[in-house]
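Report on the following structure.
Quick note: numbers below take in every heavy atom, side chains included, and nothing from hydrogens, waters or symmetry partners. Index from 1, following the sequence.
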Amino acid sequence: MLWSLLKILVFVAIVALLAFGFGILMETAGGVQITVAGTEYTLSALQSVLALGVLVVLVWVFFKLLSLLIATLKFLNGDETAISRYFDKGREQKGYQALSDGLMALASGEGRLALAKASRAARYLDNPQLTDLLTAQAAEMAGDSPKAAEAYKRLLANQNTRFVGVRGIMKQKLSEGDSETALQLAEKALALRPKHEEVQDTLLQLQARAEDWAGARKTLSTKLKTGTLPRDVFKRRDAVLALSASQGVAEEGASLEQREQAIEANRLSPDLVPAAAMAARAYLEQGKKRPAIKVLKKAWEAQPHPDLAHVFAAVEPDESAAARVKRFEQLARLKPKDDETRLIMAELHIVAEDFPEARRSLGDLLERAPDARALTLMAAIEKGEGAEDAITQAWLARALSAPRGPQWLCDNCNHIHAEWAPVCEHCTSFDTLSWQRPETPELTGVTAAYMLPLITGAGASTAVDLAEEEIGEAEVIEADDGFEDAEVASQSADAERVAGK
């Protein structure tokens with residue numbers, strides 16, 4: 001209402017100013033004298049202004065006609081679009097101006113304004129490659145997914161913009177959670193642009209999530225050939241994919257293919273713990289102990305791990321406890337100061353009932369990094385040496401409230417996994433699991449204290465008092481999802497097993 005009133009007032013003011021100006025010109029004496037072919041013309045002030053306006057219009061018409069004449073001559077000379085370009089020049093200027101304004105709005109984050117400018121540009125320009133692309137991006141920014149999908153589908157019709165359309169629809173399907181369709185679109189996009197790094201990574205992640213290990217290895221090879229992946233990283237990830245394929249084959253029961261895949265995975269990345277463990281098991285199934293031991297030693301030298309120790313123990317399953325201690329010294333000499341080496345040797349000495357040597361194997365681990373495993377082993381050592389039950393119970397109380405130690409942790413989202421996997425079960429990222437101690441503090445529930453009677457055989461009240469005394473002023477929270485209860489039960493089972501030995 002106010003805007004309409006303002007426009008009316010402006011119009012009235014302009015008319016009044018023109019009338020006032022014409023009145024002044026009519027009252028002004030004198031004028032302009034023009035002599036043409038001996039004839040003299042005298043123009044008043046008003047007539048002079050009007051004549052000047054007519055002259056300007058005539059000059060403008062002259063140049064327009066001249067441009068039309070030039071376009072006609074070009075058309076007659078073989079340029080079939082010269083006349084159409086002449087008449088469309090004004091529309092193109094308006095269209096490109098709207099396109100420019102739309103790009104500026106898009107860069108500024110104004111999705112609705114960019115969408116309006118894209119619609120205006122599409123009216124004036126016969127260039128759908130540009131206007132549809134601007135429309136799609138502006139619609140995505142404005143949250144109008146159906147309109148963006150329509151624009152991307154129009155881009156599929158042109159060979160030059162087909163990749164943009166496929167990639168745009170692929171990203172929409174990913175955001176909608178339709179991984180199957182997104183995988184098919186990613187394959188098409190990679191076929192159109194094999195060197196596009198983002199599409200390569202997206203396809204690789206989708207193939208790993210779908211457990212298409214053969215396709216993922218092919219995509220990984222494409223990344224290596226196009227130079228978007230260093231060779232050392234390629235070898236590591238190719239080993240992860242080969243290991244994943246061997247795990248899938250194992251579930252199907254094809255043990256021969258499983259062994260081949262596992263051995264190949266270990267060959268590609270000898271320091272990959274799951275690959276080394278599976279390759280060693282594959283060699284053992286073939287009766288080849290020496291290659292299995294060689295694989296385990298090389299992996300242990302890179303990173304000691306409980307899975308490697310379990311397979312190394314399976315090399316001689318029927319040996320005595322003393323013989324096993326002596327044989328495991330081969331691994332201990334490779335990494336004598338590593339925490340895992342200390343823990344493994346302590347466990348073996350406990351089984352061999354050499355409790356002083358088990359204590360020496362632990363060393364300063366209890367002061368430097370006291371986790372549940374080390375504290376449980378200390379409880380077993382105290383029990384084996386004939387210590388009082390109160391001392392054993394105190395160590396077990398500390399074990400129930402201590403961190404679990406190194407675990408398979410996702411480097412991307414810090415999610416903890418019970419077992420190694422090629423794809424994180426939380427964030428679905430590929431090859432991000434590593435064996436390390438979680439940086440976040442682990443809190444135990446009050447249920448842990450009531451688990452002590454199952455382990456020590458002490459009275460419930462006595463066990464709870466011991467646990468609370470050892471835990472001290474630490475914050476105790478109540479588990480809300482059952483995860484901590486399962487964790488405590490696992491720790492209790494470990495403690496009972498070791499204490500029994």
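A pairwise comparison of heavy atoms in Ala114 and Gly102 identifies CB-O, 3.6 Å as the closest pair. The minimum heavy-atom distance between Ala374 and Leu365, with the atom names listed, is CB-CD2, 4.2 Å. In plain terms, the two heavy atoms of Asp431 and Arg237 that are nearest each other are OD2-CG, 3.3 Å. Across every non-hydrogen atom of Thr428 and Gln205, the tightest pair is O-NE2, 2.9 Å. Nearest heavy-atom pair across Pro370 and Leu366 is CB-O, 3.1 Å. For Ile416 against Pro438, the heavy-atom pair with the smallest separation is CD1-CG, 3.8 Å.
To the nearest 0.5 angstrom, His417 atom NE2 is 4.5 Å from Leu433 atom CG. Atom CD of residue Glu419 and atom CD of residue Glu425 lie 10.0 Å apart, to the nearest 0.5 angstrom. Annotation: the span from Ile293 atom CD1 to Leu284 atom CG amounts to 8.0 Å, rounded to 0.5 Å. Distance OG1/Thr432 to NE2/His415: 10.5 Å, rounded to 0.5 Å. The line from CD of Glu110 to CE of Met141 is 9.5 Å long, rounded to the nearest 0.5 Å. Rounded to the nearest 0.5 angstrom, Gln207 CD and Thr202 OG1 are separated by 11.0 Å.
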Kindly determine whether Arg217 and Glu264 satisfy salt bridge (Lys or Arg N to Asp or Glu O under 4.0 Å), including the steps that lead there.
CA-CA 13 Å; Arg217 295 188 73 178; Glu264 181 187 6; 2.9 Å; yes
Let me see the working for Asp371 and Arg437 under side-chain contact (heavy atoms from CB on, under 4.5 Å), right down to the final yes or no.
CA-CA 10 Å; Asp371 56 23; Arg437 294 179 183 272; 3.6 Å; yes
Would Glu340 and Lys335 count as a salt bridge (Lys or Arg N to Asp or Glu O under 4.0 Å) here? Give the steps.
CA-CA 9 Å; Glu340 185 60 34; Lys335 285 279 189 173; over 6 Å; no
For side-chain contact (heavy atoms from CB on, under 4.5 Å), just list the numbers for Lys223 and Asp201, CA-CA rounded to whole Å, side-chain angles, deciding distance to a tenth of an Å, and then say yes or no.
CA-CA 9 Å; Lys223 287 179 66 64; Asp201 294 338; 2.6 Å; yes
Take Asp307 and Val311, measure what side-chain contact (heavy atoms from CB on, under 4.5 Å) needs, and give me the verdict at the end.
CA-CA 6 Å; Asp307 291 349; Val311 182; 5.6 Å; no
Lys153 vs Asp132, test: salt bridge (Lys or Arg N to Asp or Glu O under 4.0 Å). Steps then yes/no.
CA-CA 9 Å; Lys153 289 178 181 178; Asp132 286 342; over 6 Å; no
Give the intermediate values and the outcome of side chain to side chain donor-acceptor pair (under 3.5 Å) for residues Tyr152 and Glu140.
CA-CA 11 Å; Tyr152 281 129; Glu140 280 189 346; 3.2 Å; yes
Stepwise side-chain contact (heavy atoms from CB on, under 4.5 Å) check, Arg123 with Thr131
CA-CA 9 Å; Arg123 287 200 307 269; Thr131 55; over 6 Å; no
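The side-chain heavy atoms of Arg193 and Val199, taken from C-beta on, include no pair separated by under 4.5 Å. The side-chain heavy atoms of Arg368 and Asp339, taken from C-beta on, include a pair separated by under 4.5 Å. Between Lys298 and Glu301, every side-chain heavy-atom pair lies at or beyond the 4.5 Å cut-off. By the 4.5 Å heavy-atom criterion applied to side chains, Asn414 and His426 are not counted as neighbours. Residues Thr161 and Leu133 form no side-chain contact, since every pair of their non-hydrogen atoms from C-beta on lies 4.5 Å or further apart. In this structure, the side chains of Pro291 and Lys288 come closer than 4.5 Å at one or more pairs of heavy atoms. A heavy-atom distance below 4.5 Å is found between the side chains of Val166 and Leu192. In this structure the side chain of Pro403 never reaches within 4.5 angstrom of the side chain of Arg373, judged on heavy atoms.
With no hydrogens or angles considered, no side-chain donor-acceptor pair links Asp338 and Gln303 at under 3.5 Å. Looking only at atom types and distance, the side chain of Asp101 has a donor-acceptor partner in the side chain of Gln97 under 3.5 Å away. One side chain, Gln200 or Thr226, offers a donor N or O that lies under 3.5 Å from an acceptor on the other.
Judged by distance alone, with hydrogens and angles left aside, the side-chain atoms of Ser429 form no donor-acceptor pair with the main-chain N or O of Cys424 at under 3.5 Å. A distance-only check finds no donor-acceptor pair linking the side chain of Arg120 to the backbone of Ala98 [under 3.5 Å]. Distance alone, capped at 3.5 Å, is enough to place a donor-acceptor pair between the Gln172 side chain and the Ser145 backbone. Side chain of Thr219 to main chain of Gly215: a donor-acceptor pair is present (N/O by atom type, distance under 3.5 Å, no hydrogens or angles). Remark: side-chain polar atoms of Ser401 are paired, donor with acceptor, to backbone N or O of Arg398 under 3.5 angstrom. Between the side chain of Thr376 and the main chain of Ala372, a donor-acceptor pair closer than 3.5 Å is present.
A side-chain contact (heavy atoms from CB on, under 4.5 Å) with Arg236 is found for exactly one of Asp232, Val240, Asp238, namely Val240. The ring-ring contact (aromatic ring centres under 6.0 Å, His included) test with His305 is passed by exactly one of Trp408, Trp420, Phe312, Trp300: Trp408.
Phe163 pairs by the ring pair (Phe, Tyr, Trp, His ring centres under 6.0 Å) definition with His196, not counting sequence neighbours.
Ion pairing between Arg167 and Glu198 holds under the 4.0 Å rule for side-chain N and carboxylate O. Classification of Glu180 and Lys173 as a salt-bridged pair fails, no side-chain N sitting under 4.0 Å from a carboxylate O.
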